[in-house]
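Notes follow once the structure below has been shown.
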Amino acid sequence: MAPLVQHIVVVLLIAIPLTKAVLDAHYYDKTCPQAESIIFQTLRNASLYDRKVPARILRMFFHDCFIRGCDASILLDSTPGNKAEKDGPPNISVRSFYVIDDAKTKLESACPHTVSCADIIAVAARDVVAMSGGPHWNVLKGRKDGRVSIANETINLPAPSSNSTQLIQSFAKRGLGVKDLVALSGGHTLGFSHCSSFEARLRNFSSLHEVDPTLNTDFAENLTKKCPKHHTDSNAGQFLDSSASTFDNEYYKRVIAGKGVFASDQALYGDHRTKWIVESFARDQALFFSEFASSMVRLGNVGVNEHGEVRTKCRVVN
Ligand code: HEM
Ligand SMILES: *[C@@H]1O[C@H](CO)[C@@H](O)[C@H](O)[C@H]1NC(C)=O
Ligand SMILES: *[C@@H]1O[C@H](CO)[C@@H](O)[C@H](O)[C@H]1NC(C)=O
Ligand SMILES: *[C@@H]1O[C@H](CO)[C@@H](O)[C@H](O)[C@H]1NC(C)=O
Ligand SMILES: *[C@@H]1O[C@H](CO)[C@@H](O)[C@H](O)[C@H]1NC(C)=O
Ligand SMILES: *[C@@H]1O[C@H](CO)[C@@H](O)[C@H](O)[C@H]1NC(C)=O
Ligand SMILES: *[C@@H]1O[C@H](CO)[C@@H](O)[C@H](O)[C@H]1NC(C)=O
């Protein structure tokens with residue numbers, strides 16, 4: 001064998017086990033070339049009818065990937081014997097599942113049994129970010145759908161009361177780094193939170209402080225007006241950002257100003273491991289966009305399921 005050929009063979013042999021090439025940007029090029037345009041059109045239409053759709057779909061992708069990997073376990077409905085993830089504790093605002101169902105119905109008629117529900121969420125999450133003014137990236141595809149979804153596993157999601165160490169550990173468990181944590185938390189540039197997710201910061205916060213001292217005083221007053229003591233409006237809450245339907249770096253500027261809605265947002269500014277990254281994203285939106293895009297690709301690789309199925313309906317296993 002000529003030395004050059006031999007060299008190439010050796011490189012290939014080494015490269016195959018290392019790259020574990022499960023996902024691929026061109027995965028559906030031959031089997032369903034129109035897949036991404038079908039998903040995009042569905043998301044664009046749905047977002048025009050309901051402005052809450054983009055934030056909900058972005059959050060859906062995060063929750064899906066953090067529990068059992070990106071396997072569409074969040075889409076499965078509860079069954080008589082099993083309470084599913086979507087009915088677990090923070091189910092109050094993960095909604096808009098109908099949009100994924102619509103995309104799936106169209107994909108099943110265009111290319112039956114081909115596009116997984118997990119890939120639909122991943123592409124949809126990219127689309128809602130891009131259509132809100134954020135970055136665009138190539139979504140790697142080829143995920144398979146899982147067959148298991150368990151409500152109480154959602155306790156493994158990070159909580160809005162988590163401190164920086166807990167957040168870093170939660171992301172590290174999924175193979176994500178400190179930069180991924182800060183960049184992906186920028187997802188809070190979109191959407192809304194109910195009072196229950198931040199109310200504990202507003203009164204009787206600790207034995208030393210009535211109100212969370214990391215909260216800007218005027219902003220704390222505003223939050224308290226929106227969530228008065230013993231309020232009964234279950235829809236009450238606060239937009240996460242002053243431009244909650246535009247994807248931008250405003251979130252980081254607000255965190256620096258003490259206007260992060262969750263303790264977990266504010267914690268990123270209180271720890272030297274993350275503070276400098278918050279500052280760099282607040283200064284440079286282009287940097288935030290490119291880091292957000294690469295962190296979303298990494299989030300999309302978490303626990304990818306090679307051996308599952310392609311569901312026919314996203315709400316039920318085949
Ligand atoms: C770092 C840990 C995180 C925590 C503790 C957290 C927590 C929360 C909480 C408590 C809510 C509000 C739920 C409600 O009361 O309605 C929320 C909303 C949201 N989160 Fe996160 N989150 C985190 C990371 C992320 C990531 C990584 C993304 C996406 C990249 C994301 C995207 C969103 C979006 C878009 C909303 C608004 C949802 C809507 O308007 O319906 N979050 N998050
Ligand atoms: C657009 O969205 C609306 C509201 O969800 C839905 O009723 C309609 O069927 C959608 N149209 C298309 C072409 O997807
Ligand atoms: C949401 O989760 C709570 C707490 O686990 C549960 O009591 C409630 O039934 C769930 N809500 C829905 C709509 O499933
Ligand atoms: C979760 O639910 C399963 C059964 O559904 C139960 O065996 C397990 O103890 C529960 N775990 C927690 C932490 O509640
Ligand atoms: C974060 O919370 C954990 C668990 O409650 C605690 O042990 C730790 O000291 C806290 N770390 C920081 C940086 O506050
Ligand atoms: C405030 O919290 C403490 C425990 O941290 C509790 O004992 C007390 O009852 C709370 N006060 C009110 C008014 O809720
Ligand atoms: C509080 O709310 C008012 C009225 O919506 C707004 O003009 C002001 O900027 C808010 N203050 C802070 C600190 O967010």
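Order of appearance sets the numbers: ligands from 1, and atoms from 1 within every ligand. Only a predicted model underlies this, so the values are computations on that prediction, with no experimental measurement involved.
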Is there a side-chain contact between Asp71 and Asp64 (heavy atoms, below 4.5 Å)? yes
Exercise for review: Would you please say whether a donor-acceptor pair under 3.5 Å links the side chains of Ser243 and Asp248?
Suggested key: yes
* Asked: Can you find a side-chain donor-acceptor pair between Arg273 and Thr165 that sits under 3.5 Å?
  -> yes
At a 4.0 angstrom heavy-atom cut-off, ligand 2 is contacted by Asn45, Tyr49, Tyr98, Lys106
When you check the side-chain N and O atoms of Ser73 and Arg68, is any donor under 3.5 Å from an acceptor?
no
Note: ligand 5 atoms sitting under 4.0 Å from heavy atoms of Thr165 are 11 (N), 13 (C)
Salt bridge (Lys or Arg N to Asp or Glu O under 4.0 Å) filter on Asp77, not counting sequence neighbours, yields Lys86, Arg315
Disulfide (SG to SG under 2.5 Å) pairs touching residues 237-318, sequence neighbours excluded, are Cys117-Cys314
*Val255 vs Gln266 side-chain heavy atoms within contact, under 4.5 Å*: yes
With heavy atoms and a 4.0 Å threshold, my read on which part of Glu221 contacts ligand 7 is neither
Applying salt bridge (Lys or Arg N to Asp or Glu O under 4.0 Å) to Asp119 and not counting sequence neighbours gives Arg143
Counting from 1 in the order shown, the ligand 7 atoms closer than 4.0 Å to a non-hydrogen atom of Asn222 are 1 (C), 2 (O), 3 (C), 8 (C), 10 (C), 11 (N), 12 (C), 14 (O)
So is there a nitrogen or oxygen of Ser164 less than 3.5 Å from a nitrogen or oxygen in ligand 5?
no
Ligand 7 to Lys259, heavy atom cutoff 4.0 Å, flagged ligand atoms 13 (C)
